[in-house]
Amino acid sequence: MQKVTKAVIPAAGLGTRFLPITKAVPKPMLSVLDKPTIQYIAEELLSVGIEDVIIVVSPGSDVIEKHFGRADALEQRLLEDGKTKLYEIAKQTRRFNVTFVEQKVANGLAGAILCAEPYVGDQPFALLLGDELLHAENGQTPCIKRLVDVYEKTGKSVIATMEVFGDDVSKYGNVGVGDETDGIITVNGIVEKPSVNDALSNYAIIGRYVLSGEVMGRLKNLKPRNNEIYLTDVLDDLTRENKLLASCFEGERFDVGDKFGYIRANVEFALRSDEIKEQTAQYIKELAKGL
Ligand code: G1P
């Protein structure tokens, strides 16, 4: 089976929900504690040894490129001052071999993926949506690792899924689920953001996928609906050919494209931080007394 060596991270959203900060700071650079969200997402790839990353950005996102590049003066200074730990932190992002590609027209997720086509061609690739952070605790398998393992075992495209309830089914791509063996679920239908009545199940697509080499070609040939092309249409075609699997992820998901999700991520990461967890816990306990 062909190994998965490349990843695509669509991160070109304008971040209008986060105005005014997103006027000058691209949304992927919003930080959870001290690290931009895009770096957390790239770091998920370390669990599978993928270092070739294509980040699809909106025009004017040079600061993201800067973040993944060298900071010579700063690194030099930290070394001279003997601050080796901070030096290591400053150069963490340099381990990735990142290609930046601009999505010039805001034509959705499939449009963003197609921007990466010249770099991916007909190879399989991991797809990680920029608005979601997935955190695996020790002992849990990182979501992307699980998907790569399933792909390399079966050769089939695989999506990460989670259970959602009530009106939430309409917020996500929805998965018709069939048999499950060893946590690998067969998929018998896909609909994008259905009404509650049209949902196939309680299983939602979350923003992690491993897609086989034929997916780019299929996206290219897809007929637009309402002037847009949809990844979900390709996934649905794969389903009909029995070429799509799903897997439930282990861990915690944070929707950092949403204000509450963003705050939640900051609070929970603070509670996991060796540096400030005790202070944060104490503060939250005090605060809760007055709520
Ligand atoms: C996209 C996908 C959707 C998926 C969601 C996960 O939607 O189209 O199928 O459930 O990501 O976050 P978006 O949130 O970009 O509208």
Side-chain angles (χ1 to χ4, degrees), residues 7-18 22 26-28 30 37-38 40-41 44 55-58 103 105-116 125-135 143-144 146-147 157-177 185 187-196 198-211 215 218-219 222 224-239 244-249 251-262 264-265:
V8 177
I9 307 180
L14 294 178
T16 45
R17 281 192 277 178
F18 279 86
T22 46
K27 188 174 60 161
L30 294 187
T37 53
I38 189 81
Y40 286 101
I41 291 167
E44 285 181 37
I55 303 185
V56 184
V57 294
S58 52
Q103 184 176 13
V105 211
N107 56 353
L109 176 58
I113 301 169
L114 276 177
C115 292
F125 61 99
L127 174 68
L128 298 87
L129 303 194
D131 271 345
E132 291 169 58
L133 299 190
L134 295 187
H135 178 81
C143 182
I144 202 68
R146 170 89 186 132
L147 300 187
S157 296
V158 52
I159 53 180
T161 181
M162 68 176 181
E163 273 196 277
V164 288
F165 299 95
D167 291 347
D168 278 357
V169 288
S170 307
K171 292 188 190 160
Y172 301 94
N174 189 258
V175 189
V177 291
I185 302 166
V187 177
N188 53 33
I190 292 278
V191 268
E192 183 65 8
K193 306 196 178 94
S195 65
V196 174
D198 291 338
L200 304 171
S201 75
N202 281 333
Y203 285 84
I205 303 177
I206 59 167
R208 300 293 181 270
Y209 313 67
V210 169
L211 299 173
V215 167
R218 286 185 183 232
L219 277 172
L222 205 62
R225 284 190 284 125
N226 317 321
N227 286 325
E228 228 188 88
I229 58 166
Y230 293 89
L231 172 64
T232 326
D233 287 352
V234 171
L235 297 181
D236 197 38
D237 286 346
L238 291 179
T239 301
L244 185 69
L245 299 169
S247 172
C248 283
F249 84 103
E252 195 74 43
R253 172 181 177 272
F254 300 95
D255 177 2
V256 289
D258 164 85
K259 270 185 197 149
F260 178 66
Y262 180 72
R264 207 180 129 240

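All ligand and atom numbering here is 1-based and tracks the order in the structure.
- On a distance-only criterion, E132 and ligand 1 share at least one N/O pair closer than 3.5 Å.
- Contact between K193 and ligand 1 is present, with at least one heavy atom of the residue lying under 4.0 Å from the ligand.
- Shown in contact with G173 at under 4.0 Å from a heavy atom are these atoms of ligand 1, numbered in order with element: 3 (C), 4 (C), 9 (O), 10 (O).
- Here the side chain of S170 pairs no donor or acceptor atom with the backbone of K193 at under 3.5 angstrom.
- Residue I229 holds its CD1 atom at 4.5 Å from CG of L114, rounded to the nearest 0.5 Å.
- At the top of the distance list for atom 1 (C) of ligand 1, counting protein heavy atoms only, stands L129 CD1, 3.9 Å.
- The aromatic ring centroids of Y262 and F18 lie less than 6.0 Å from each other.
- Between atom CG of residue D131 and atom CD1 of residue I41 there is a gap of 7.5 Å, rounded to the nearest 0.5 Å.
- In this structure, atom 15 (O) of ligand 1 has no protein heavy-atom contact shorter than 4.0 Å.
- Under 4.0 Å from ligand 1, the heavy atoms of R253 that appear belong solely to its side chain.
- Among residues two or more places apart in sequence or in another chain, the salt bridge (Lys or Arg N to Asp or Glu O under 4.0 Å) test is passed with K171 by D168.
- Nearest protein heavy-atom neighbour of atom 10 (O) of ligand 1: I205 O, 2.7 Å.
- Taking atom 2 (C) of ligand 1 as the reference point, the nearest protein heavy-atom neighbour is E192 OE2, 3.6 Å.
- Residues passing the salt bridge (Lys or Arg N to Asp or Glu O under 4.0 Å) test with R208, sequence neighbours excluded: E44.
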